[in-house]
Amino acid sequence: MDIKEIKSIIESLLYVAGDAVHIKELSGVLGIDEPTVKRIVNQMMDYYNDEGRGMQIIEVNNSYQFCTRPEHYEYIERLVKPQTRQGLSQASLETLSIVAYKQPITRVQIDSIRGVKSDSSISRLLEKELIFEAGRQDGPGRPMIYCTTDNFLKLFGLKSISELPPLKEFTEEQL
Amino acid sequence: MDIKEIKSIIESLLYVAGDAVHIKELSGVLGIDEPTVKRIVNQMMDYYNDEGRGMQIIEVNNSYQFCTRPEHYEYIERLVKPQTRQGLSQASLETLSIVAYKQPITRVQIDSIRGVKSDSSISRLLEKELIFEAGRQDGPGRPMIYCTTDNFLKLFGLKSISELPPLKEFTEEQL
Amino acid sequence: MPLNIKLQVFEGPLDLLLHLIEKAEVDIYDIPIAEIADQYIEYLHMMQQFDLEVASEFLVMAATLLEIKSRMLLPKPKKEDSNAEELDPREELIQKLIEYKKYKEFSTLLKDKLNIYEKVFYKLPEPIESYIPDYTSLTGLTLDMLTQSLETILQKNSKRKKSSVREIYRDAITIEEKMLAISQMLTSRPFFYFDDLFEDDISKYEIIVTFMALLELIKIQSIHIEQENSFERILIKRRID
C-alpha cells in the first residue's frame with residue numbers, strides 16, 4: 001500500500017464513520033503502527049486546510065473526525081433547513097396572536113376570527129413549537145384545541161400568559 | 001466566490017447531507033445556475049476519481065451523493081459492522097430486469113415474460129425498495145403497476161433509467 | 001438411495017427449456033420439438049423421483065410442448081388452399097423464449113453490477129440540530145407586533161360581523177368554488193380520500209355543497225371515484241385520459 005492509498009482509505013473511513021475514530025482503530029484496520037498513522041493523518045489535516053477543502057479533520061483525544069468549516073455555515077444552514085430563514089409570515093403572526101389571547105381555541109374559531117383558513121399557519125406554528133395541540137374539545141366533531149407553548153413565552157419574554165398586554169378598545173364581547 | 005470555494009462548499013454540503021442532494025437544491029443554496037453547478041460537480045467527480053480519493057460522487061436522477069469506493073470495502077467493513085448484503089435471488093434479478101426495461105408493468109405481464117409466478121420476487125423487491133407500486137392501471141381489475149426506485153439506480157450504479165444498455169438483439173449465429 | 005446428483009434448479013419452464021436448447025446446441029429458431037419435449041418431460045420425471053414438487057407452470061409447458069409436437073406431425077395444408085400464413089406451431093413459444101432470454105442475460109449483468117455497488121458505503125446525514133438556529137433567530141418579533149396584529153384583525157372583523165349574530169362565521173361557498181378547490185387538491189397529489197373532504201367541524205351547508213361539487217365533477221368526467229369493498233374508504237382520483 002502506498003501512502004496515497006492509505007490516505008484514501010483513511011478518508012473513506014472517516015467519511016463513513018461520520019463520528020470520531022480513535023487512532024487505535026485506524027491503526028488496527030490499516031495494519032499500520034500508530035505513530036505512522038498519526039504522521040499521515042497530520043499530513044492530511046494540513047492538506048485539507050491548505051487546499052481549503054469542504055471538510056477539515058479535527059483531533060480530539062487521539063480520535064480524528066471530519067467536520068465542516070465554520071465559514072460554510074450559512075450554506076449548510078440553507079440546505080438543512082431552508083424554511084427557518086423565513087421567520088414568521090404575517091398569517092402565522094396573526095394566528096399566533098389569536099391563539100395567545102384566546103387560548104384554548106379550535107381551528108374553526110381561528111378561521112372565523114381571521115376570515116380565512118389557517119391550516120398552514122397552524123402547522124407552521126406547531127412545527128416551530130410556538131403552539132401545541134392541547135387535546136380535543138367536547139362537543140360535535142371533537143375538534144382539536146390549541147394553546148401557546150413555553151417556547152412562545154420565552155420568545156416574547158413573558159413569564160406567563162397573564163402578562164400579555166391588554167388589547168386596546170376591545171371588550172370581551174367583541175372577541 | 002471563486003470556483004475553488006464553490007467546490008469546497010459543495011463538498012461540505014454533500015458531506016453534511018449524507019443523502020443524495022438534488023441539483024436544484026445545490027443551485028438554490030449556492031445561488032448559481034444549474035448548468036454551472038452541473039459542470040462544477042462533474043469536474044469534482046473527475047477529480048475524486050483521478051486522485052483516487054476516499055470518496056466518489058455518484059449521480060442518480062440529477063441528485064448527487066458521496067459514497068465510498070468498492071475497493072475500500074474490506075477496510076471499511078473492519079471498522080463498521082458489515083452491512084446486510086442485498087443478496088438477490090436469480091428470480092428476483094430476473095423480475096428486476098423486466099421491471100427496469102418494461103416499466104410501468106403489471107404483475108401479470110411479468111409472470112407472462114418469465115413463464116412463472118413472480119409474487120414472491122415482487123414482494124422481496126418491494127421490501128428492499130428496489131421497485132415501488134406506482135399506482136393502478138386503468139382497465140379490467142385495475143392491476144397494480146410497478147416501477148424501479150432511485151435506490152435501484154444507486155445499487156446498480158446507474159444515473160437514470162435511460163442509461164440502461166439496449167437489450168441484445170439476438171441473431172441466429174449468436175444462439 | 002443416497003442422492004449424489006445435484007439437480008439443477010430452474011426459475012421456470014422457460015429457464016429449463018433454454019437450458020435444454022443450449023445443451024442440445026440447436027438453433028432456437030428451429031427447435032427440434034420432439035427431441036426437446038422428450039428431454040423436458042424426462043426432467044420433470046426426475047424432479048418427481050427426487051420428491052421435488054413440480055410447479056403447475058412446468059406441467060402446463062409440458063402439455064404445450066406435446067401439443068406443438070402433435071401439430072408438427074399433421075400434414076401441412078396445401079399452399080393454394082391456405083390463404084392464411086403458414087404458421088409455425090412453434091412460433092409463439094420461440095418468441096417467448098427469445099424475450100425471456102434477453103432479460104435473463106441482462107439479469108446476470110445486473111448481478112455483476114450489484115457485486116460492485118453493494119460494496120459501497122454511504123454515510124448517515126449529519127445530525128441537523130447543530131445547524132438549525134434556535135428560536136432566538138425569531139427575535140425580530142415583539143409583543144407589540146403580536147397585540148397589534150390581533151387588534152387589526154379584530155377591527156376588520158367588527159365591520160364584517162355587524163349584521164351577523166354570535167355564531168361561527170364561515171364564508172358561503174359556492175359549488176363552483178368547491179369544484180375548483182377539489183380539482184386543486186388533485187393537482188398536488190394523484191388522489192385523496194373522500195373523508196379528507198369532511199374535516200371535523202364542517203358545517204351542514206358545506207357538506208351539501210361539497211357533495212354536489214363531487215357529483216358535478218364526476219358528471220363532467222374530471223374525477224373518478226373508487227371503493228375496493230363496501231365500507232372501505234372511498235378514493236377520489238384524478239381522471240387521466
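All values derive from a computational prediction rather than experimental measurement. Every chain is numbered from 1 and lettered A, B, ... according to where its sequence line falls, protein lines coming before strand lines.
Within 6.0 Å of atom CD in C:E92, 12 or fewer heavy atoms from other residues, nucleotides or ligands are found, so the atom counts as exposed in its surroundings. Within 6.0 Å of atom CZ in B:F132, more than 12 heavy atoms from other residues, nucleotides or ligands are found, so the atom counts as buried in its surroundings. Within a 6.0 Å radius of CD in B:E129, no more than 12 heavy atoms belonging to other residues, nucleotides or ligands are found. The number of heavy atoms from other shown groups lying within 6.0 Å of CD (C:E25) does not exceed 12. The 12-atom threshold is not exceeded at CE of C:M212, counting heavy atoms of other residues, nucleotides or ligands nearer than 6.0 Å. A 6.0 Å sphere centred on NZ of C:K111 holds no more than 12 heavy atoms belonging to other residues, nucleotides or ligands.
Of the residues considered (B:R69, B:E74, B:K117), B:K117 shows the highest number of contacts with chain C, using heavy-atom pairs under 4.5 Å. Among the candidates B:G18, B:G157, B:A17, the residue making the largest number of heavy-atom pairs closer than 4.5 Å to chain C is B:G157.
Summarising the geometry of B:I113 relative to C:E99, their closest heavy-atom pair is CD1-OE2, 3.7 Å, with the distance given to 0.1 Å. C:E118 approaches B:Y73 most closely through the heavy-atom pair O-CE1, 4.3 Å. Shortest non-hydrogen contact noted between C:K113 and B:L158 is NZ-CD2, 4.3 Å. Smallest separation of non-hydrogen atoms from B:L164 and C:F106: CD2-CZ, 3.6 Å.
Looking at B:Q56, only its side chain comes within 4.5 Å of chain C, counting heavy atoms on both sides. For B:Q65, the part lying under 4.5 angstrom from a heavy atom of chain C is the side chain only.
Between C:K102 and B:S97 there is no side-chain heavy-atom pair separated by less than 4.5 Å. Inter-residue side-chain proximity for B:L79 and C:F121 is flagged as unmet; no heavy-atom pair is nearer than 4.5 Å.
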Kindly indicate, with the supporting measurements, whether the criterion salt bridge (Lys or Arg N to Asp or Glu O under 4.0 Å) is fulfilled by C:E11 and B:R114. CA-CA 8 Å; C:E11 287 305 327; B:R114 293 191 57 227; 3.5 Å; yes
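Between C:L114 atom CG and B:L88 atom CG the span is 5.5 Å, to the nearest 0.5 Å. Between C:E57 atom CD and B:D111 atom CG the span is 8.0 Å, to the nearest 0.5 Å.
A donor-acceptor distance shorter than 3.5 angstrom exists from the side chain of C:K96 to the backbone of B:S112, with no hydrogens or angles considered.
Screening B:I98, B:L93, B:L96, B:V99 for a side-chain contact (heavy atoms from CB on, under 4.5 Å) involving C:Y103 leaves a single residue, B:I98.
In this model, a donor atom of one side chain and an acceptor atom of the other lie less than 3.5 Å apart for B:E94 and C:Y100.
Annotation: cation-pi geometry not satisfied between B:K154 and C:Y117 (NZ/CZ under 6.0 angstrom from ring centroid, within 45° of ring axis).
Two rings, from C:Y122 and B:F66, have their centers 6.0 Å or more apart.
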